[in-house]
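Written out below as structure tokens is the structure these notes cover.
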Amino acid sequence: MKVLVVGGGGREHAIVWKLSQSPKINQIYCAPGNPGIAELAECLSISVSEIEKLANFTKKEQIDLTFVGPEEPLSLGIVNYFKEQGLPIYGPSREAALIEGSKAFAKEMMIKYQIPTASYAAFTNYEKALAYVHSKGAPIVIKADGLAAGKGVVVAKTLEEAENALKGMMKDVTFGSAGARVVIEEFLEGEEMTLLAFVNGTTVKPMVPAQDHKPVFDGDKGPNTGGMGTYAPLPHMDSSMVKRIIEEIVQPTANAMVEEEVPFEGILYTGLMLTKSGPKVIEYNARFGDPETQVVLPLLETDLLDILIASLSGELENVEVKWKDKSAVCVIMSSDGYPGSYEKGQVIKGLDNVTYPTIVFHAGTTAKDREIITNGGRVLGITSIGDHLKEARELAYQSVKKVSFNGAHYRTDIGTKAFR
Ligand code: AMP
Ligand code: GLY
């Protein structure tokens, strides 16, 4: 089979890495890919939003399956476009992807179907939003409604921070049209976790739970990023909690999407807060998480292609999704300054020093004059697999020390919440 993966970050590197192990696949293409992906796939110079070009490529090359990594093409309707032309593609429709693309849509659905989440209100009027914030007080959470690359969220500890966030999103339009509408939420206290699942209609096949680390510095200090590291599974979380999350949240979500006539087919990402009164949804994404994928897929025993094909033929229910009895840790190496401004073009050294059971997933890299240089905020995701979390952590941090570039930053506490 010939497969096309759309995307070019660490998540897509992990997807291509996993698919490349399928005996049924003889050629993988990736658009646009990156230098790490280029070792496993043929990279195309087509961007993720050039849907027509992507469709034409799959027609010309007779691609058997297209897999979409990022949210942008999903929100633009890549799945609708491909399906209208009879081109095989895995992922949610534009309408189903609204579960991620519009926080207001997701919130309204959760309230309607009694799926536990933070209480909220949505505003397009700045004065009204400000009045609401004053009536509720801090801490309070302010979110830009549209897609903002995971950065359109401010957890305001003080009223002043909340006011500044509102002003930034609604008056100074920091996030462009994404901030024209804001969602203001109750602050949830507890530990965060991610549960990914393969979903097709009302069929839900959960993955292993993972935990992301969003703030840029150790101890969850500093501004939020796209994610500075992950680990899976979560040894301090017992299986009854995962069972509860599926029963109370993920399954009801899949059912609600069917009920609302926007059935979801694809990877459903549920970001949760484990509060004193039980698990609550922080956000949904309509795709694999980045960098959750970099720890979840290395633990997947089953051929990913088999799961995707079964889903597309309405047989997801009959697939046994098996997981390795191991642990994985991913440490992100980022550019100094990220998530603010940072320099690109730093030469990356030592990539060849790292071998399995450690994998270097490329996120923001590019090739120049036979060297690999930095080309983004999150540059690399170093994932190690071990028999247990402690072993995987040690291996990941030993491996991080073997790779270097000017201004490299990483958190040193990925996975330590499990030991507290
Ligand atoms: P989101 O993009 O919605 O996942 O939000 C980014 C981060 O902000 C989350 O990973 C949480 O750490 C934090 N966050 C979002 N919503 C809430 C909330 N209601 N209460 C507390 N923290 C939140
Ligand atoms: N790791 C967070 C995300 O993928 O949105």
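Order of listing sets the numbers, starting from 1, for every ligand and every atom in it.
- Between the R181 side chain and the S102 main chain, no donor and acceptor come within less than 3.5 Å of each other.
- Near D212, with a cut-off below 4.0 Å to any heavy atom, the atoms of ligand 2 are 1 (N), 2 (C).
- Residue contacts with ligand 2 include Y269, since one or more of its heavy atoms lies under 4.0 Å from the ligand.
- Looking at L188 against ligand 1, both its backbone and its side chain come within 4.0 Å, counting heavy atoms.
- By the 30° and 60° cut-offs, the orientation of the rings of H13 relative to F361 is perpendicular.
- Between the side chain of R411 and the main chain of F217, a donor-acceptor pair closer than 3.5 Å is present.
- With distances taken over non-hydrogen atoms, the option nearest atom 12 (O) of ligand 1 out of E192, K214, K280 is E192.
- Residue-level proximity to ligand 2 for R287 is carried by the side chain, the only part with a heavy atom below 4.0 angstrom.
- Close approach of ligand 1 to N224 is summarised as follows: ligand atoms under 4.0 Å from at least one heavy atom of the residue are 6 (C), 7 (C), 8 (O).
- Salt bridge annotation for K243-D238: absent, with no cationic side-chain nitrogen under 4.0 angstrom from a carboxylate oxygen.
- Near K143, with a cut-off below 4.0 Å to any heavy atom, the atoms of ligand 1 are 3 (O), 15 (C), 16 (N).
- Using cut-offs of 30° and 60° for the angle between ring planes, the W17 and Y356 rings count as parallel.
- Here N285 has side-chain heavy atoms under 4.0 Å from ligand 2, and that is the only part of it that gets that close.
- T203 places no side-chain N or O within donor-acceptor distance of the main-chain N or O of V199, the cut-off being under 3.5 Å.
- Taking 4.0 Å as the cut-off between side-chain N and carboxylate O, E260 and K112 count as a salt-bridged pair.
- Close approach of ligand 1 to M273 (heavy-atom distance below 4.0 Å) involves ligand atoms 21 (C), 22 (N).
- Proximity to G289 (heavy-atom distance under 4.0 Å) selects the following atoms of ligand 2: 4 (O).
- Here's the thing with R11: none of its N/O atoms is less than 3.5 angstrom from an N/O atom of ligand 2.
- Taking only nitrogen or oxygen atoms, main chain and side chain alike, E292 reaches within less than 3.5 Å of ligand 2.
- Looking at E189 against ligand 1, nothing comes within 4.0 Å, counting heavy atoms.
- Using a 4.0 Å cut-off between charged nitrogen and carboxylate oxygen, E191 and R420 do not count as a salt-bridge pair.
- Per-residue contacts place I282 under 4.0 angstrom from the following atoms of ligand 1 (heavy atoms of the residue considered): 3 (O), 4 (O), 15 (C), 16 (N).
- Checking side-chain atoms of D413 against main-chain N and O of G219 turns up a donor-acceptor pair under 3.5 Å.
- Neither the backbone nor the side chain of D212 comes within contact range of ligand 1; no heavy atom lies under 4.0 Å.
- Salt bridge annotation for E394-K390: present, with a cationic side-chain nitrogen under 4.0 angstrom from a carboxylate oxygen.
- Ring geometry for Y231 versus H213: interplanar angle of 30 to 60°, hence tilted.
- For a threshold of 3.5 Å applied to N or O pairs, the pair formed by F187 and ligand 1 contains no separation below that value.
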Could you walk me through whether E259 and Y113 pass the side-chain hydrogen bond (donor to acceptor under 3.5 Å, both in side chains) check?
CA-CA 10 Å; E259 193 71 22; Y113 293 90; 5.0 Å; no

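- Within ligand 1, the atoms closer than 4.0 Å to a non-hydrogen atom of E186 are 18 (C), 19 (N), 20 (N), numbered from 1 in the order shown.
- Under a 4.0 angstrom heavy-atom cut-off, G226 registers as being in contact with ligand 2.
- Residue G227 places no heavy atom under 4.0 Å from ligand 2.
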